[in-house]
Amino acid sequence: MWQTCLGSGATGGGTGSGFDSARGFLLARTSPMSQVRVRFAPSPTGFFHIGSARTALFNWLYARHTGGTFILRIEDTDQARNSEEFLRLIYDSLTWLGMDWDEGPNPNGVGERGAFGPYRQSQRAHIYKEYLQKLLAAGRAYEKDGAIWFKMLGERYKVFDDHRKKEVEKVKCDPVVIDDQIRGRVERQEDEDFVIFRSDGNPVFHFVNVVDDITMQVSHIIRGEDHLSNTSKHVRLYEGFGVTPPVFAHIPLILKSPEMGQGKMSKRDKGALIEEYQQRHFLPEALVNYLALLGWNPGDDREKMTVAEIVQLFDLPAVNQSNAKFDGKKLAYLNMVYLLEQPTEKFVALAKDYFAKIPAGAAALANEAYFREIMTLAQPKIKSVDELGAYTGYFFSDDFPVDAKVKDKVMAKGDPKTRLTELIAALSAMDFSTDATVEAGIKTLAEGKGLGFGDYQAVARLAVTGTNAGPSITAIFRVLGKDRVASRLQKLLASG
RNA sequence: GCCCCUAUCGUCUAGCGGCUAGGACAGGAGAUUCUCAUUCUUCAAACCGGGGUUCGAUUCCCCGUGGGGGCACCA
């Protein structure tokens, strides 16, 4: 069965012909009860970035959508660049984003689960040897220069390759046909033997990838478009093993935003690392929502969706074919939308987590009830949790920064010093028990002078917060209490 | 250089032969609120070019061009 290089093995599940209606019939193929097995196979050689996260997400979504199995496989064959720290980061990031895996190493790094292990390539050497033997026995592999090569089938001829500046041996062969779930029919010529075991005895990526996918019975390979060109090699390997290749789905890549420059997003670009969002206390559901929207849409105008909704609506043929540029602004927007609708409890917990990690945090967390009160005021006003420190600093310390520009502006308008003096004088008679009583107090004062609430608001705010932004001034007064308000008003008055 | 993928506002996208080309983010202008943010209203903003096919192309085909990826004893 592997005598042929005529490549129609790539039709995978073998559904019908007619490629012109490919996207139509592919849709019908993804029925909910199928035995879908997908995998995410990162290598722990660097930080976990946006692109990897989205590849993982699309696999996870597809598994959950179809009721299939999501496998985590660790491609840790690169001894030099591997690290346990990066491995940990993969587990943590996936977990943080809510992508649970059915098979693979356990999230705590101890042991693994699933019937197709081991799930770390570093422990699968014996399997690779065994599969190499199959190829050798079938005459589909041979040794040359100390390495082992996969043998293509067909008539051989030599040609001078002017890119590599040397004569190479090519094989006359029909092109490989890939029936891609996202791209439709893709044809690619694979016409040279290639190395599958290096002379140092280690198998190369193409080989282990295919062997693992065969032995783990992976049904759908969902991966970045950068692998599309590799797919022809992989298909030939499947044929070499006498195995029908899985269904392929090559998803578009994430490119740099225009401000970042050209090309695909790399780990070095700002905003490229999942860890960064975790540290900034972004909401994982916002990030998942955003990532899902990069290259996919539900077919209508819906953008903000719960994970459950996305799982329900997601499907491979609906994935776009063109690359998408990363837009941090839109992600920030989504994060804000999610933040606004968090239950108070959840928001306070998030805030605690955040303050626990910043220098000024201890002071902020000293009084639980007071902290809660302030976070409740801040939640509807901020866009991300990491603004909280700057946004609420004046509640926790008398030594807060004063915005010079705001001060100049406020102090130049009307007669702020007189207003300050009047406020200080009126303070002792004011009732600070609720926002409404504070408001009534200021209004009474203003009316008595023939002025409005607004004539006192700006200067009072400057005095107690050092800026022109924040929750309502009445709430700030109440929470701060008369003593602190009085001393801050006086301080501003004295400062000129 | 060769191969593969791709192409609608600045960005993410809807559109699957006939539409005033829709939505969202970002940007502009207003409104509301004690400030700020939110919210609301509103404005500006796109079918890469050239050939076909068709009564009719953003849509289908071809060729350019642009963008992306791949061409290893890396993964």
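Letters A, B, ... mirror the listed sequences (proteins, then strands); counts begin at 1.
Residue Q189(A) is out of contact with every strand shown, counting any heavy-atom pair closer than 4.0 Å. Note on E75(A): only backbone sugar-phosphate atoms sit closer than 4.0 angstrom, heavy atoms only; bases stay farther off. Residue Y391(A) is classed as a base contact, given a heavy-atom separation below 4.0 Å to a base. Counting any heavy atom pair closer than 4.0 Å across all strands shown, S322(A) reaches sugar-phosphate atoms only and no base atom. Residue-level contact check: G224(A) touches neither bases nor backbone, having no heavy atom under 4.0 Å from any strand. Looking at heavy-atom distances under 4.0 Å, P252(A) makes no contact with the nucleic acid at all. Residue T474(A) is in base contact, counting any heavy-atom pair closer than 4.0 Å across all strands shown.
Taking every heavy atom of residues 38-52 of chain A and every atom of RNA chain B, pairs under 4.0 Å involve S43(A), by number. Remark: M336(A), L340(A) in residues 334-342 of chain A come within less than 4.0 Å of RNA chain B through at least one heavy atom. Within residues 439-459 of chain A, the residues that have a heavy atom under 4.0 Å from RNA chain B are, in order of number, F453(A), Q457(A).
Proximity note for L294(A) (side chain, C-beta onward) versus C12(B), C73(B), C36(B): the nearest is C12(B). Here U11(B) is the nucleotide among A26(B), C73(B), U11(B) with the atom lying nearest to any side-chain atom of P258(A). Nearest to the side-chain atoms of K383(A) among the listed nucleotides A24(B), U6(B), A37(B) stands A37(B). The nucleotide whose nearest atom lies closest to any side-chain atom of N468(A) is, among U35(B), A75(B), C73(B), U35(B). With distances taken from any side-chain atom of R198(A) to the nucleotides C34(B), A75(B), C25(B), the minimum falls on A75(B). Between U6(B), A14(B), C36(B), one nucleotide has an atom nearer to the side chain of A469(A) than all others, and that is C36(B).
Surrounding NZ of K151(A) are at most 12 heavy atoms belonging to other residues, nucleotides or ligands under 6.0 Å away.
A donor-acceptor contact under 3.5 Å links the side chain of K381(A) to the base of C36(B).
Nucleotide U42(B) has G28(B) as its partner under the Watson-Crick or G-U criteria, with both atom distances under 3.5 Å. Under the Watson-Crick and G-U wobble criteria, each requiring two contacts below 3.5 Å, nucleotide C48(B) is paired to G64(B).
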What are the atom names and distances for every N/O pair under 3.5 Å that joins the protein to nucleotides 64-72 of chain B?
residue	atom	partner	partner atom	Å
G68(B)	OP1	G263(A)	N	3.1
G68(B)	O2'	N323(A)	ND2	2.8
G68(B)	N2	E225(A)	OE2	3.3
G69(B)	OP1	K264(A)	N	3.4
G69(B)	N2	S229(A)	OG	3.4

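Taking the charged nitrogens against the carboxylate oxygens, R156(A) and D193(A) do have a contact shorter than 4.0 Å, which makes a salt bridge. A salt bridge does not link K443(A) to E447(A): none of the charged side-chain nitrogens sits closer than 4.0 Å to a carboxylate oxygen. Contact check on E303(A) versus K330(A) returns a salt bridge, with a Lys/Arg side-chain nitrogen under 4.0 Å from an Asp/Glu carboxylate oxygen.
Nucleotides U41(B) and U20(B) have their P atoms positioned 24 Å apart, rounded to a whole Å. Taking the C1' atom of each, C60(B) and G18(B) are spaced 15 Å apart, rounded to whole Å.
Side-chain contact annotation: D212(A) with Y119(A), donor-acceptor N/O pair under 3.5 Å absent. With 3.5 Å as the limit, one finds no donor-acceptor pair spanning the side chains of S83(A) and E85(A). With hydrogens and angles left out, the side-chain atoms of S472(A) and R478(A) include no donor and acceptor closer than 3.5 Å. N335(A) and S384(A) share no donor-acceptor pair across their side chains, judged by distance under 3.5 Å alone.
The interatomic distance linking D327(A) (CG) with U13(B) (P) rounds to 11 Å, in whole Å.
When ring centroids are compared, F58(A) and H220(A) stay outside the 6.0 Å threshold.
The aromatic rings of F194(A) and H206(A) sit perpendicular to each other, their planes meeting at more than 60°, with 30° as the lower class boundary. Note on ring orientation: taking the six-membered ring where Trp is involved, the planes of F326(A) and Y277(A) are tilted (angle from 30° to 60°).
Residues passing the side-chain contact (heavy atoms from CB on, under 4.5 Å) test with D455(A) are R419(A), L451(A), sequence neighbours excluded. Applying the salt bridge (Lys or Arg N to Asp or Glu O under 4.0 Å) criterion to K304(A), with sequence neighbours excluded, gives E341(A).
Here the side chain of S232(A) pairs no donor or acceptor atom with the backbone of R188(A) at under 3.5 angstrom.
Close to A14(B), at under 4.0 Å from its OP1 or OP2, lies a side-chain N or O of N320(A).
The two residues R236(A) and M152(A) make their nearest non-hydrogen contact at NE-CE, 3.7 Å.
Both V186(A) and D145(A) lie close to RNA chain B; mapped to their nearest nucleotides by heavy-atom distance, the more 5′-ward contact belongs to V186(A).
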